[in-house]
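In listed order, ligands and their atoms are each counted from 1.
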Amino acid sequence: MPDPRTPLISGNWKMNLDHFEALRTLQKLAWLVPKDVLSKVDVSLHPPFTDLRTLQTSIEVDRMEFLLGAQHCHHETKGAFTGEVSPVFLAKLDVKLVICGHSERRELFGETDEMVNAKVKAIFAHGMTPIMCVGETLAEREAGETEAKVLGQVVAGLQGLKKEQVAAMVIAYEPIWAIGTGKNATAQDAQSVCASIRAAVAASFGAEAGASVRIQYGGSVKAGTVAELMAQPDVDGALVGGASLDPDEFAQIIAIAAEH
Ligand code: PEP
């Protein structure tokens, strides 16, 4: 059976790059990544909120094939939530994919599984695709609790969704100890956890959703490690932090992913 899942490489720029720097990075990336590569791999860019309008305009005017992404949103559409950003505002900016439940949001800003679930629903309600992040701490890994933690987050985050929604979304497996540390799970470990996530999705939402949901690996992905990760049958792409800030390295990651 042909693989229905187009690889997805997502660049999470976190709180880096003001809108001038973001525009330069986008333009350099557009120059480095040939159009035929973008016919084989989807690429989303997730800059800070203040850069979104600038990137949206440039992507539209220059007819680039990058997908605009956001790093976070609130689950309500409007109201007294000082400092928060509505999914409606993101959709108006042509944002296509929104990261939710990133471990930095969970750990530093107290986001719970319930909040992540509400965000996933809000992102879908406004026509965008969630990239829902899950992952274990080093202590949980060492205690042999990786699957329990990760699958618990998956089940809680997907609560109440329709199977068609789950089939269309993205789950990013990001071991917390590997994010920004230069350490990464072996490709075999990544495959094993991603396969368990897919099996859990299939068990709750049916074989079709299990076969269609895209599962990314994230955690210190570099040009030198992405090929082995992408060769794994249940790894459909990568969520890339640090290495996505360097257009040369990110373009290499994209080109390698396009070959899988
Ligand atoms: C991330 O931001 O989700 C991430 C995986 O970062 P890094 O690639 O720097 O580890």
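- A side-chain hydrogen bond (donor to acceptor under 3.5 Å, both in side chains) with D113 is found for one member of R106, Q159, Q153 and no other, namely R106.
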- request: Quick one: do V240 and S10 satisfy side-chain contact (heavy atoms from CB on, under 4.5 Å)? Show the steps, please.
  value: CA-CA 6 Å; V240 186; S10 303; over 6 Å; no
field: E21 and L23: CA distance, side-chain angles, deciding distance, side-chain contact (heavy atoms from CB on, under 4.5 Å) verdict
entry: CA-CA 5 Å; E21 295 165 330; L23 184 58; over 6 Å; no
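- Partner of V95 under the side chain to side chain contact (heavy atoms under 4.5 Å, CB included) criterion, chosen from I123, L55, L68, L67: L68.
- Under the 3.5 Å distance criterion, the side-chain polar atoms of S86 are left unmatched by any main-chain donor or acceptor of K78.
- By the neighbour-count criterion of 12 heavy atoms within 6.0 Å, atom CD of E228 is sparsely surrounded, having that number or fewer from other residues, nucleotides or ligands.
- Protein residues with a heavy atom closer than 4.0 Å to ligand 1 are N12, K14, H102, E174, A178, I179, G180, G218, G219, S220, L239, V240, G241, G242, listed by chain and number.
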